[in-house]
There are 2 protein chains.
Amino acid sequence: MTSEITELPHPARSDMQLTDVLFALSDPERLAIVRQLAGGPLEMAQCHLSDPAIPKSTKSHLMKVLREAGVIRNEPLGRGRRLSLRHDDLEARFPGLLGSVLSASAEA
Amino acid sequence: MTSEITELPHPARSDMQLTDVLFALSDPERLAIVRQLAGGPLEMAQCHLSDPAIPKSTKSHLMKVLREAGVIRNEPLGRGRRLSLRHDDLEARFPGLLGSVLSASAEA
DNA sequence: TGATTGGTTCGAAATTATTCGAACCAATCA
DNA sequence: TGATTGGTTCGAATAATTTCGAACCAATCA
């Protein structure tokens, strides 16, 4: 019984939609996640939300929106998951966008 | 009877919220409006939507979302309204953001 | 003045997005 | 094996957005 790995679907670079990316980034909680990941990949368990009481199903859904837009990558790692920003793909597809969003979100 | 002019409220530059701007730009129809205005101010009647059958109340609402986020300015002009992109304010508050969005939306 | 044009606002209906608990699954460790 | 940890998925409830017609308003022009 080769058990199936829980690999989640990610859009190809060429399939990323600008409006989807903008929408994913338009939520404060999701934007905060992106900012954490800007510092480098993180295990999901170490990626904290503003309110620690937020249930894991909600956290999982936030990650889903970011993943389906192509903003983050979510891959299995040991017992948990490794989250990372799709820096290169975003830069190739939408040059300068992520950088301007990150620097704009930094000074608020 | 000095009749009241229909001046609509616009957020001050310092009150603009990044997530509101991203949300406003995350809708294809609104993004298309912004792209038209990138060419310079336009009378609202000359700013066309993808589908000409869309009612004016809907068009007005699209403009409202853009205006309240601080993306566009909407001022009375003669019988109609003059729409313009708040280029300078956006650039001052979120440097590079509008430019990257516009160039990203151009190549799709 | 009256008719026309261009646009806002309101309210209701329809659509989408968010939130959360429960069920489930896979990996690790005792 | 059994218990624990970390996470996804589903379904239902709620909340937010969108859409549209109707009512309204101000400016222009006949």
Side-chain angles (χ1 to χ4, degrees), chain A residues 1-10 17 19-33 37 41-69 71-84, chain B residues 1-10 17 19-33 37 41-69 71-84:
Chain A
M1 266 24 96
T2 59
S3 52
E4 295 303 320
I5 309 295
T6 55
E7 277 290 359
L8 275 54
H10 292 74
Q17 291 303 122
T19 49
D20 291 344
V21 170
L22 293 174
F23 180 80
L25 297 175
S26 74
D27 175 74
E29 197 76 58
R30 286 192 298 258
L31 183 55
I33 290 169
L37 295 179
L42 229 47
E43 288 178 48
M44 185 156 170
Q46 313 312 323
C47 185
H48 305 294
L49 301 185
S50 62
D51 179 355
I54 291 175
K56 55 185 182 173
S57 58
T58 297
K59 183 176 181 179
S60 193
H61 180 257
L62 290 169
M63 299 304 176
K64 182 183 185 181
V65 174
L66 287 167
R67 171 176 52 82
E68 291 182 338
V71 177
I72 68 174
R73 186 169 286 110
N74 179 342
E75 44 198 351
L77 175 67
R79 160 165 45 187
R81 302 216 147 240
R82 175 189 140 111
L83 303 176
S84 55
Chain B
M1 281 6 105
T2 60
S3 53
E4 295 302 321
I5 310 295
T6 55
E7 277 290 358
L8 276 53
H10 291 75
Q17 290 304 120
T19 50
D20 291 343
V21 170
L22 294 174
F23 179 80
L25 297 174
S26 74
D27 175 74
E29 197 75 58
R30 287 192 298 257
L31 184 55
I33 290 168
L37 295 179
L42 229 47
E43 287 179 48
M44 186 156 168
Q46 313 312 323
C47 185
H48 305 295
L49 300 185
S50 62
D51 179 354
I54 291 174
K56 55 184 182 172
S57 58
T58 297
K59 184 177 180 182
S60 191
H61 180 256
L62 291 169
M63 298 306 177
K64 182 182 185 181
V65 174
L66 287 168
R67 172 177 51 83
E68 291 182 338
V71 177
I72 69 173
R73 185 170 285 111
N74 179 342
E75 45 197 353
L77 175 67
R79 162 163 47 188
R81 302 215 147 243
R82 174 189 139 112
L83 303 176
S84 56

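Here is how names work: the chains are called A, B, and so on, in the same order as the sequence lines, proteins then strands, and each is numbered from 1.
- Pairing for dA30(D) is with dT1(C), a Watson-Crick or G-U wobble pair whose two hydrogen-bonding atom distances lie under 3.5 Å.
- The CG atom of Leu8(B) sits 13 Å away from the P atom of dA26(D) (whole-angstrom rounding).
- As judged by a 4.0 angstrom heavy-atom cut-off over every strand, Arg30(A) is placed among residues touching the sugar-phosphate backbone only.
- Listed nucleotides dG7(C), dT18(D), dG7(D) differ in distance to Phe23(B); the shortest reach to its side chain belongs to dT18(D).
- Here the options are Ile33(B), Asp27(B), Val21(B), the test is side-chain contact (heavy atoms from CB on, under 4.5 Å), and the partner is Leu66(B); only Ile33(B) passes.
- Side-chain N/O atoms of Thr58(B) include none lying less than 4.0 angstrom from OP1 or OP2 on dT19(D).
- Nucleotide dA22(C) forms a pair with dT9(D), judged by Watson-Crick or G-U wobble geometry with both contacts under 3.5 Å.
- When rounded to the nearest whole Å, the span between CG of Leu42(A) and C1' of dG6(D) equals 14 Å.
- Remark: dT14(D) base-pairs with dA17(C); criterion is Watson-Crick or G-U wobble with both hydrogen-bond distances under 3.5 Å.
- Residue Asp51(A) contributes atom CG, which lies 13 Å from atom C1' of dT19(C) at whole-angstrom precision.
- Residue His61(B) has its side chain nearest to dT19(D) when only dG7(C), dA26(C), dT19(D) are considered.
- The interatomic distance linking Met63(A) (CE) with dT9(D) (P) rounds to 14 Å, in whole Å.
- Proximity of a side-chain donor or acceptor of Arg67(A) to a complementary backbone N or O of His10(A) within less than 3.5 Å is not detected.
- Protein atom NZ of Lys64(B) is 11 Å distant from nucleotide atom P of dT18(D), rounded to whole Å.
- The phosphate of dT8(D) has OP1 or OP2 within less than 4.0 Å of a side-chain N or O from Asn74(A).
- Between Lys56(B) and Val65(B), the residue anchored nearer the 5' end of DNA chain D, judged by the nucleotide with its closest heavy atom, is Val65(B).
- Nearest-nucleotide mapping onto DNA chain C: of Ile54(A) and Arg82(B), the residue sitting toward the 5' end is Arg82(B).
- Ser26(B) places a side-chain N or O within 3.5 Å of a backbone atom of Phe23(B) that can act as its donor or acceptor partner.
- Distance from the side chain of Ser60(B) is smallest to dT8(C) among dA26(C), dT18(D), dT8(C).
- Place Ser57(B) and Pro55(A) on DNA chain C by their nearest nucleotides, and Ser57(B) ends up nearer the 5' end.
- Atoms CD (Glu7(A)) and P (dA27(C)) sit 12 Å apart, rounded to a whole Å.
- Listed nucleotides dT8(D), dC20(C), dT28(D) differ in distance to Arg79(B); the shortest reach to its side chain belongs to dT28(D).
- Per the geometry, CG belonging to Asp20(A) stands 14 Å off C1' belonging to dA17(C), to the nearest Å.
- Taking every heavy atom of both residues into account, Pro28(A) and Thr19(B) meet most closely at N-CG2, 3.9 Å.
- The side-chain heavy atoms of Met63(B) and Ile72(B), taken from C-beta on, include a pair separated by under 4.5 Å.
- Rounded to an integer number of Å, the gap from NZ of Lys59(B) to P of dG6(C) is 10 Å.
- A donor-acceptor pair under 3.5 Å links the side-chain atoms of Arg30(B) to the main chain of Ala24(B), judged by distance alone.
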